[in-house]
Amino acid sequence: MGNCLKGSTADDISLLRGSDGTRDSSSSDQLGPPPPYQEAMPVYYPSPNVSRPAAQLTEEEQVKIAKRIGLIQHLPAGTYDGCKKNRECVICMIEFMVGDAVRYLPCMHIYHVECIDDWLMRSFTCPSCMEPVDAALLTSYETN
Amino acid sequence: MTALPRRIIKETQRLMQEPVPGISAVPDDSNARYFHVIVTGPEDSPFEGGLFKLELFLPEDYPMSAPKVRFITKIYHPNIDRLGRICLDILKDKWSPALQIRTVLLSIQALLSAPNPDDPLANDVAELWKVNEAEAIRNAKEWTRRYAMDN
């Protein structure tokens with residue numbers, strides 16, 4: 001049954017049961033190579049504990065998410081310059097390497113672009129100091 | 001099965017290399033996202049001398065969402081209900097991916113030292129904690145003796 005691989009719940013279950021892998025491999029033996037990977041519909045987080053596929057968002061939530069995507073694009077990004085002060089991205093806990101794509105939040109905390117953008121789509125706060133990013137962004141606009 | 005993220009491997013290694021005093025967290029043999037946790041009751045709290053078992057699970061999108069943590073040992077505490085569920089802001093709306101298994105367990109240990117009956121999860125316990133703290137503390141000590149010692 002190929003379609004039990006879709007959806008996040010199937011993943012959760014397979015994490016809890018280590019034996020699932022064997023069943024999967026035997027069924028794919030019979031069916032030949034698996035069909036090409038189909039990207040599932042993107043899931044958004046209108047509030048920290050609410051996740052919904054794009055098609056099920058209310059209009060209000062769509063606006064909120066669109067605004068958020070817009071704001072994220074305004075946050076400065078660059079490449080890691082080897083600065084000794086920030087050695088490790090606290091989200092993935094992997095050391096920054098010179099040339100990594102990083103994003104600078106208004107509070108001056110830095111993260112890998114991929115890591116922080118994933119978080120900002122759920123909560124618009126800095127993971128390290130919990131400062132709301134949009135308020136800080138507006139203040140920095142006003143002072144400049 | 002998705003590969004285990006580097007972060008989970010790192011956190012597990014660091015928990016083993018530099019354990020937190022009074023806390024042990026050991027990953028399950030068959031599931032590296034499931035931890036068997038033991039927290040010792042803090043000194044000068046009604047839980048002193050007790051060993052409290054908890055379970056901790058790192059969901060698929062950890063660290064974007066908080067670990068799921070639950071007391072297995074019965075405990076008399078205004079912020080922990082009879083199913084062992086914990087009312088703690090960092091496990092819910094105040095979660096941040098800068099927090100770790102280590103900091104979550106330290107916060108839970110701190111919650112044992114500082115019960116907060118104004119933000120209750122176990123209503124009867126919180127009520128007694130507010131109207132008759134001495135009796136609530138006696139109950140908490142009794143439960144600690146009965147459920148969290150010698151086993």
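Numbered from 1 within each chain, the chains take letters A, B, ... in sequence-line order.
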Give the cluster check for [X] versus [Y]: same hydrophobic cluster or not, with ILVMFWY residues linked at side-chain heavy-atom distances below 4.5 Å.
X: A:Val102; Y: A:Val133; answer: no
X: B:Leu99; Y: A:Leu105; answer: yes
X: B:Phe52; Y: B:Val20; answer: yes
X: B:Leu54; Y: B:Leu121; answer: no
X: A:Ile94; Y: B:Ile101; answer: no

Do other residues, nucleotides or ligands put more than 12 heavy atoms under 6.0 Å from [X] [atom1]?
X: B:Lys130; atom1: NZ; answer: yes
X: B:Met16; atom1: CE; answer: yes
X: B:Asp124; atom1: CG; answer: yes
X: A:Gln73; atom1: CD; answer: yes
X: A:Glu59; atom1: CD; answer: no

Over all atoms of both residues, closest heavy-atom pair of B:Ala98 and A:Pro127: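 The pair with the smallest heavy-atom distance is CB-O, 3.3 Å.
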Do any of residues 62-83 of chain B come closer than 4.5 Å to chain A, heavy atom to heavy atom, and if so which ones, in number order?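 Heavy-atom contacts from residues 62-83 of chain B to chain A are B:Pro63, B:Met64.
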When only heavy atoms count and the cut-off is under 4.5 Å, which of residues 8-15 of chain B reach chain A?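 Residues of residues 8-15 of chain B touching chain A at under 4.5 Å: B:Lys10, B:Glu11, B:Arg14.
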Going by residue number, which parts of residues 111-120 of chain A are within reach of chain B, meaning a heavy-atom gap below 4.5 Å?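 If one takes a 4.5 Å heavy-atom cut-off, the residues of residues 111-120 of chain A near chain B are A:Cys115, A:Asp118, A:Trp119.
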Where on B:Asp28 is there a heavy atom nearer than 4.5 Å to chain A: the side chain, the backbone, both, or neither?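 Neither part.
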What ring pair (Phe, Tyr, Trp, His ring centres under 6.0 Å) pairs are there with at least one residue in residues 108-140 of chain B, not counting sequence neighbours?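 Found none.
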If I take atom CD1 from residue B:Ile90 and atom CE from residue A:Met130, how far apart are they, to the nearest 0.5 angstrom?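 The CD1 atom of B:Ile90 sits 9.5 Å away from the CE atom of A:Met130.
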Is the backbone N or O of A:Ile91 less than 3.5 Å from a side-chain atom of B:Arg7, with the two atoms forming a donor-acceptor pair by type?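 Side chain of B:Arg7 to backbone of A:Ile91: a pair is present.
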